[in-house]
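Here's the structure, in structure tokens; my notes come after.
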Amino acid sequence: MSDMRLVIAGAGGRMGRTVTKAASGMAGVSVVGALEPAGSPLLGQDAGVLAGLPALGITVTHEPKTLLAAADGVIDFTVPAATAALVELSAARGLVHVIGTTGFSQQDERRVADAAKRGTIVKSGNMSLGVNLLVALVKQVASSLDDDFDIEIVEMHHNKKIDAPSGTALMLGRAAAEARGINLDQHAVRGRDGHTGTRNPGDIGFAALRGGTVVGEHSVIFAGPAERIELVHKAEDRMLFARGALKAALWARGRKPGLYSMADVLGLA
């Protein structure tokens, strides 16, 4: 089978550059297009040079339609509005679309789900094997412990991250809520300040820290009477997310339209 031809959306961002670099060393994939929003100062530059590679002859553009016509898939680490618009275009062509974007509104989530009726979409708040194993462990521990154990999720990222809690933290929260048979939207507590009163039983707390160049750290704390269990994942290099996204694209190639997750890709679903 020929290499899978990929368009990198957000090619000038941290993850976009890392995906381009990762693809250059991975068999079975090739980058054929690079996207940035209209008005970006990176338009017209070479995607390879942006990624710290020799020039690839791929010019960064803001026009997706021509690129999608000659592609098999999209790797997308952008912002929710851009992803929601782009996934409709890729789905219309029946392409694979791997989404690592986080911070979606409910309306954006519906647009992605609707696009999955026509395109093959892999969407995850985190593309690493370790985090997806952590999600499985959180489900197991949350279902094994009763409500005497309070659940708190703490995450830290670099000072340029624009959404909070992180998509990974919300993945972990959803896993815990699902295991306990509750609705996360009704039990999530995002940050505490002032005179908050006592903790409500069944709540799942979130704390988001920002600073420095931290790639991503997540802790899920189960705090019970006189004992505490902590499950922790620390990412040290964005390359692990990039390789995960590329593996997801290869896995999705040839599969029927639908909305998949990294748990599907890794056989953890």
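Atom set for the values below is all heavy atoms of this structure, side chains included, hydrogens, waters and symmetry mates excluded.
Residues Pro64 and Leu86 share a closest heavy-atom pair of CB-CD1, 3.8 Å. The minimum heavy-atom distance linking Ala91 with Gly119 is given by the pair CB-N, 3.9 Å. Nearest approach of Ala142 to Arg180, heavy atoms of both residues: O-NE, 3.5 Å. Scanning both residues, Ala248 and Met262, for their nearest heavy atoms gives CB-SD, 3.8 Å. Residues Lys123 and Leu259 approach most closely at CB-CD1, 4.0 Å, considering heavy atoms. For the residue pair Leu134 and His233, the shortest heavy atom distance occurs at CD2-CB, 3.8 Å.
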Side chain to side chain contact (heavy atoms under 4.5 Å, CB included) between Ile121 and Tyr260: does it pass, once the steps are laid out? CA-CA 6 Å; Ile121 300 172; Tyr260 301 93; over 6 Å; no

Derivation of the side chain to side chain contact (heavy atoms under 4.5 Å, CB included) call for Leu6 and Val74: CA-CA 5 Å; Leu6 296 173; Val74 178; over 6 Å; no

Walk me through whether Leu246 and Val19 qualify under side chain to side chain contact (heavy atoms under 4.5 Å, CB included). CA-CA 8 Å; Leu246 292 168; Val19 172; 4.1 Å; yes

Check against side chain to side chain contact (heavy atoms under 4.5 Å, CB included), Glu178 and Lys139: CA-CA 7 Å; Glu178 179 183 331; Lys139 286 183 180 180; 3.9 Å; yes

Report the C-alpha separation of Arg228 and Glu230 in whole Å, then their side-chain angles, then the decisive distance to 0.1 Å, and conclude whether the salt bridge (charged side-chain N to carboxylate O under 4.0 Å, His left out) test is met. CA-CA 7 Å; Arg228 186 171 71 246; Glu230 296 188 18; 2.8 Å; yes

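One finds the NZ atom of Lys234 at 7.0 Å from the OG atom of Ser219 (value rounded to the nearest 0.5 Å). To the nearest 0.5 angstrom, Asn132 atom CG is 11.0 Å from Leu137 atom CG. The CG atom of Asp3 sits 11.5 Å away from atom CE of Met26, with the distance rounded to the nearest 0.5 Å. With rounding to the nearest 0.5 angstrom, the CE atom of Met127 is 9.5 Å from the OG atom of Ser261. In this structure, the separation between CG on Leu266 and OG on Ser128 is 8.5 Å, given to the nearest 0.5 Å. Considering CD1 of Ile153 and OG of Ser166, their distance stands at 9.0 Å, rounded to 0.5 Å.
Using a 4.5 Å heavy-atom cutoff, the side chains of Lys21 and Met239 are in contact. Met15 is listed as a side-chain neighbour of Arg238, based on a closest heavy-atom distance under 4.5 Å. Counting heavy atoms from C-beta outward, Phe104 and Val112 have side chains that approach closer than 4.5 Å. Leu42 has its side chain within reach of Leu50: a pair of non-hydrogen atoms, C-beta onward, lies under 4.5 Å apart. Residues Ile75 and Val7 have side chains not in contact (no heavy-atom distance under 4.5 Å, counting atoms from C-beta outward). With a 4.5 Å cut-off on side-chain heavy atoms, Thr59 and Asp46 do not count as touching. The shortest side-chain heavy-atom distance between Leu43 and His62 falls under the 4.5 Å cut-off. Within the 4.5 Å cutoff, side-chain heavy atoms of Met4 are placed close to those of Val96.
Shown here are the salt bridge (charged side-chain N to carboxylate O under 4.0 Å, His left out) partners of Asp150, two or more places apart in sequence or in another chain: Arg199. Residues satisfying the salt bridge (charged side-chain N to carboxylate O under 4.0 Å, His left out) test with Arg243, not counting sequence neighbours, are none. Listed by chain and residue number, nothing satisfies the salt bridge (charged side-chain N to carboxylate O under 4.0 Å, His left out) test with Arg14 (two or more places apart in sequence, or in another chain).
Between Glu155 and Lys161, no side-chain nitrogen of the basic residue sits less than 4.0 Å from a carboxylate oxygen of the acidic one, so the salt-bridge criterion is not met. Between Glu152 and Arg192 there is a salt bridge, since at least one side-chain N of the basic residue sits less than 4.0 Å from a carboxylate O of the acidic one.
Leu209 and Leu172 fall into different hydrophobic clusters, where Ile, Leu, Val, Met, Phe, Trp and Tyr side chains are chained together by heavy-atom contacts under 4.5 Å. Note on Leu170 and Val189: separate hydrophobic clusters, where clusters join Ile, Leu, Val, Met, Phe, Trp and Tyr whose side-chain heavy atoms are under 4.5 Å apart, directly or indirectly. One hydrophobic cluster, built from ILVMFWY side chains closer than 4.5 Å, holds both Val29 and Phe241. The hydrophobic clustering, which links ILVMFWY residues whose side-chain heavy atoms are closer than 4.5 Å, places Leu268 and Met171 apart. Two different hydrophobic clusters hold Ile204 and Ile221 under the rule that ILVMFWY side chains link at heavy-atom gaps under 4.5 Å.
Checking Leu145, Asp147, Ile151 one by one against Phe149, the side-chain contact (heavy atoms from CB on, under 4.5 Å) holds for a single residue, Leu145.
Checked by atom type and distance alone, the side chain of Thr18 never pairs as donor or acceptor with a backbone atom of Ala242 at under 3.5 Å.
Donor-acceptor pairing under 3.5 Å is recorded for the side chains of Thr78 and Thr83. Judged by distance alone, the side chains of Ser124 and Asn126 never bring a donor and an acceptor atom under 3.5 Å apart. For the 3.5 Å distance criterion, the side chains of Ser90 and His97 qualify, holding a donor opposite an acceptor.
For the pair Arg253 and Trp251, the cation-pi test (distance below 6.0 Å, angle within 45°) is failed.
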